[in-house]
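Just below is one structure, and these are the notes that go with it.
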Amino acid sequence: MLDLHGYGWLLFDGLQLTIAVGLCAMVVAVLLGLLGSWGKLAQNRWANFAANTYTTVIRGVPELILLLLVYFGTPTLIQSIATSMGYDIRVDINPFIAGTITIGFIYGAFSTEVLRGAFQAIPKGQAEAARAIGMSSLKVFQRIILPQALRFALPGLGNVWMVLIKATSLISIIQLDELMRKTKIASNATHEPFTFYLLASFIYLGITLVSMMVQKRAEIWANKGVMR
Amino acid sequence: MDFSIVWQYLPMLLEGAWVTLWITVVSLLIGLAFAVPVSLARLSNNPFFSSPAYLFVLYFRGTPLLVQIFLIYYGSGQFRHELTDLGLWGFFRDPWFCGILALVLNTTAYSAEIFRGAISAVPRNDIEAGRACGMSGLLLFRRITMPKAFRIGLPAYGNEVIFLLQATSLVSTITILDLTGISRQLISKTFAVYEFYLTAAAMYLVMTYALVYLFRMWEKRLSGHLQERVVSEPR
């Protein structure tokens with residue numbers, strides 16, 4: 001039988017942190033996605049340019065490079081700016097915050113595309129009809145656009161979540177004690193790397209399967225009012 | 001920021017970029033060769049073929065690539081004696097073998113899923129027409145199903161190629177000096193964090209969009225007849 005030498009709880013701690021980072025990063029990603037899709041669809045050249053640059057650059061560079069850039073690069077940048085201004089400070093970024101922000105920032109680009117597609121899928125006539133019966137543009141967004149956009153975006157955002165939760169394993173490289181790093185600690189201590197990495201992979205698989213089920217439920221719930 | 005230091009080490013970075021491209025192409029080609037049979041097994045009506053293929057695809061798409069790399073590279077150490085007896089330890093000790101093996105298995109799973117979707121999206125009429133002309137079995141597959149499925153699946157496969165190119169950066173965690181690995185090594189030597197990571201990011205960006213462009217051209221060539229044409233208005 002599987003003998004974990006008492007390291008099972010360590011993986012459980014790591015799992016909790018993985019899910020915490022994943023959920024926080026997903027919130028960041030959806031907020032950035034809303035902002036980014038607004039930027040892409042706005043009638044403003046600068047907003048378009050900023051949003052297009054954001055998605056183009058992020059999707060063209062590996063997550064690992066971006067993660068290392070933010071985690072190791074930002075303190076160096078702040079320090080060198082401080083030094084040039086005559087201060088001598090030392091900046092350390094909390095790995096949880098660095099990881100959450102970086103992963104959220106990367107997947108914000110992917111959810112930008114998902115949400116842009118969702119907003120575009122809503123017939124223009126609906127917003128015009130709502131304006132015509134006297135709703136303010138905020139009301140139109142709140143009552144007509146957003147509820148439908150979320151329904152259209154649900155499958156895409158579900159996919160973003162599943163890629164995102166797997167990408168959180170990269171944060172172990174910047175020393176955050178999430179599932180992957182705890183696994184490394186346990187496998188170094190017990191000299192049974194295969195057992196522990198296999199177990200970790202099954203935990204990730206479990207997260208994926210649960211997410212798939214939740215996604216299916218959520219889609220059924222969101223499409224309740226739609227005729228087929 | 002001082003980019004002159006990057007100039008000094010540019011040949012090493014370019015070498016790293018070459019390694020990245022090389023690993024991508026090798027994993028891609030081997031993965032492609034495996035993905036077609038796996039996708040066919042997945043579509044088979046015989047559960048003896050379809051369920052292993054399903055589990056394979058589920059496992060490699062449902063777990064992070066980093067775990068797969070570590071499982072193969074570090075995990076094989078647990079079976080060192082058994083592998084030595086089999087004469088395979090020489091392979092599993094080598095980070096190149098393990099890295100490429102992990103990438104191959106990963107891209108096989110993702111591409112198999114793409115091909116499965118593409119093959120089942122081939123219109124029934126096309127296949128019926130092929131049958132009506134007297135084709136069956138392998139001939140039908142080679143002449144009708146495959147070319148059509150290839151065109152349907154090409155855009156999604158292009159995305160997978162780009163995904164793989166970026167995923168190769170993870171092999172730097174098992175000591176391979178690809179573009180990411182070289183950058184990390186040079187940074188630990190020179191402490192020029194921003195300069196090297198930004199340069200590496202720019203190089204990845206160029207490689208990614210070169211691939212995007214190539215695939216777009218290929219798509220145009222293969223299915224140009226399906227694309228919308230701009231017809232000029234008569235005056």
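Basis for what follows: all heavy atoms, side chains included, without hydrogens, waters or symmetry-related copies. Quick note on labels: first sequence line is chain A, next is B, and so on, each numbered from 1.
Annotation: B/Trp218 is in aromatic contact with B/Phe150 [ring centroid separation under 6.0 Å]. For A/Tyr54 and A/Phe105, the gap between ring centers is short of 6.0 Å. Within the 6.0 Å centre-distance limit, the rings of B/Tyr59 and A/Phe202 are counted as a close aromatic pair.
Taking chain B as the reference chain and counting heavy-atom pairs below 4.5 Å, the highest number among A/Ile207, A/Thr208, A/Leu69 is found for A/Leu69. Counting heavy-atom pairs closer than 4.5 Å to chain A, the top residue among B/Thr173, B/Leu170, B/Leu65 is B/Leu170. The choice from B/Val193, B/Leu71, B/Leu58, B/Val67 that makes the most heavy-atom pairs within less than 4.5 Å of chain A is B/Leu71. Taking chain B as the reference chain and counting heavy-atom pairs below 4.5 Å, the highest number among A/Glu63, A/Arg59, A/Met162, A/His191 is found for A/Arg59. Among A/Thr183, A/Ile203, A/Leu68, the residue making the largest number of heavy-atom pairs under 4.5 Å with chain B is A/Leu68. Chain A forms the most heavy-atom pairs under 4.5 Å with one residue out of B/Thr168, B/Thr180, B/Leu211, and that residue is B/Thr180.
Only the side chain of A/Ile173 comes within contact range of chain B, with at least one heavy atom under 4.5 Å from a heavy atom of that chain. Of the atoms belonging to A/Leu170, heavy atoms from both backbone and side chain fall under 4.5 Å from chain B. Heavy atoms of B/Arg61 lying under 4.5 Å from chain A belong exclusively to its backbone. Both the backbone and the side chain of B/Phe70 come within contact range of chain A, judged by heavy atoms closer than 4.5 Å. Of the two parts of A/Ser172, only the side chain, counted from C-beta on, holds a non-hydrogen atom closer than 4.5 Å to a non-hydrogen atom of chain B. Interface residue B/Thr208: only side-chain heavy atoms are found under 4.5 Å from chain A.
Minimum heavy-atom separation, B/Ala200 to A/Ile65: CB-CD1, 3.9 Å.
Sparse packing is recorded around CH2 of A/Trp38, with 12 or fewer heavy atoms of other residues, nucleotides or ligands lying under 6.0 Å away.
Below 30°, between 30° and 60°, or above 60°: for B/Phe91 and B/Phe97 the angle between ring planes is between 30° and 60°, a tilted geometry. Note on ring orientation: taking the six-membered ring where Trp is involved, the planes of A/Phe196 and A/Tyr7 are perpendicular (angle over 60°, cut-offs 30° and 60°). Note on ring orientation: taking the six-membered ring where Trp is involved, the planes of B/Phe60 and B/Phe56 are tilted (angle from 30° to 60°).
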